[in-house]
Amino acid sequence: MKLVPLGDRVVLKQLVAEETTKSGIILAGQAKEKPQQAEVIAVGPGGNVDGKEVTMQVKVGDNVIFSKYAGTEVKLEDEEYIVVKQSDILAIVE
């Protein structure tokens, strides 16, 4: 099964949260904050969305930073994904 986003939507797979701090302290489960960095898994076609022409600026394989409370979490075949609008993506990490 495969997720195919529509319009200006993008499917992201969040990167794994750090287990330890930079100083070496091991974090408990609740202390780990989900990172806002993710890999782009699928990109919608863009086109005319809500009366505006939208050109997709991200591509599959890009690492991006997205808004903290953006998108919809989806679980598919034991994998967790987030579906966001392209406007919720803040930057591409190069």
Side-chain angles (χ1 to χ4, degrees):
M1 194 177 280
K2 174 175 148 176
L3 284 174
V4 180
L6 303 175
D8 66 338
R9 303 280 197 286
V10 179
V11 178
L12 303 175
K13 182 167 175 61
Q14 259 183 322
L15 300 180
V16 179
E18 291 291 325
E19 298 287 328
T20 59
T21 63
K22 290 180 182 177
S23 60
I25 298 170
I26 298 174
L27 297 173
Q30 287 79 17
K32 287 186 257 181
E33 189 171 316
K34 287 188 174 183
Q36 287 153 260
Q37 192 170 344
E39 180 183 355
V40 176
I41 302 300
V43 178
N48 196 344
V49 179
D50 295 330
K52 298 177 186 169
E53 188 65 29
V54 176
T55 304
M56 300 308 284
Q57 297 176 346
V58 295
K59 61 185 181 302
V60 174
D62 282 350
N63 280 334
V64 297
I65 296 173
F66 62 97
S67 297
K68 189 169 192 162
Y69 301 106
T72 302
E73 292 186 7
V74 177
K75 190 169 187 176
L76 185 67
E77 296 178 356
D78 296 330
E79 293 284 338
E80 290 188 19
Y81 302 100
I82 300 173
V83 180
V84 299
K85 287 187 172 190
Q86 180 175 249
S87 60
D88 292 327
I89 295 175
L90 305 174
I92 297 173
V93 179
E94 296 182 342

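- Listed by chain and number, the residues in a side-chain contact (heavy atoms from CB on, under 4.5 Å) with V93 are Q37, N63, I65 (sequence neighbours excluded).
- The shortest side-chain heavy-atom distance between V43 and V58 falls under the 4.5 Å cut-off.
- L90 and L15 fall into different hydrophobic clusters, where Ile, Leu, Val, Met, Phe, Trp and Tyr are joined by side-chain heavy atoms under 4.5 Å apart, directly or via other members.
- The two residues K13 and E80 have their closest heavy-atom pair at CG-O, 4.2 Å.
- Residues F66 and Q14 form a side-chain contact, since some pair of their non-hydrogen atoms from C-beta on lies under 4.5 Å apart.
- Every side-chain contact (heavy atoms from CB on, under 4.5 Å) that E77 has, sequence neighbours left out, goes to M1.
- Shown here are the side chain to side chain donor-acceptor pair (under 3.5 Å) partners of D88, two or more places apart in sequence or in another chain: there are none.
- When V10, L6, I41, V11 are each tested for a side-chain contact (heavy atoms from CB on, under 4.5 Å) with V83, only one passes: V11.
- Contacts classified as side-chain hydrogen bond (donor to acceptor under 3.5 Å, both in side chains) and involving residues 42-60 (residues at least two apart or in different chains) are given here: K59-D62.
- Applying the side-chain contact (heavy atoms from CB on, under 4.5 Å) test to V54 and every residue at least two apart in sequence or in another chain returns D8, V49, M56, Q86.
- At least one side-chain heavy atom of L12 sits less than 4.5 Å from a side-chain heavy atom of V40.
- Here the shortest heavy-atom pairing between P45 and P5 reads CD-O, 3.8 Å.
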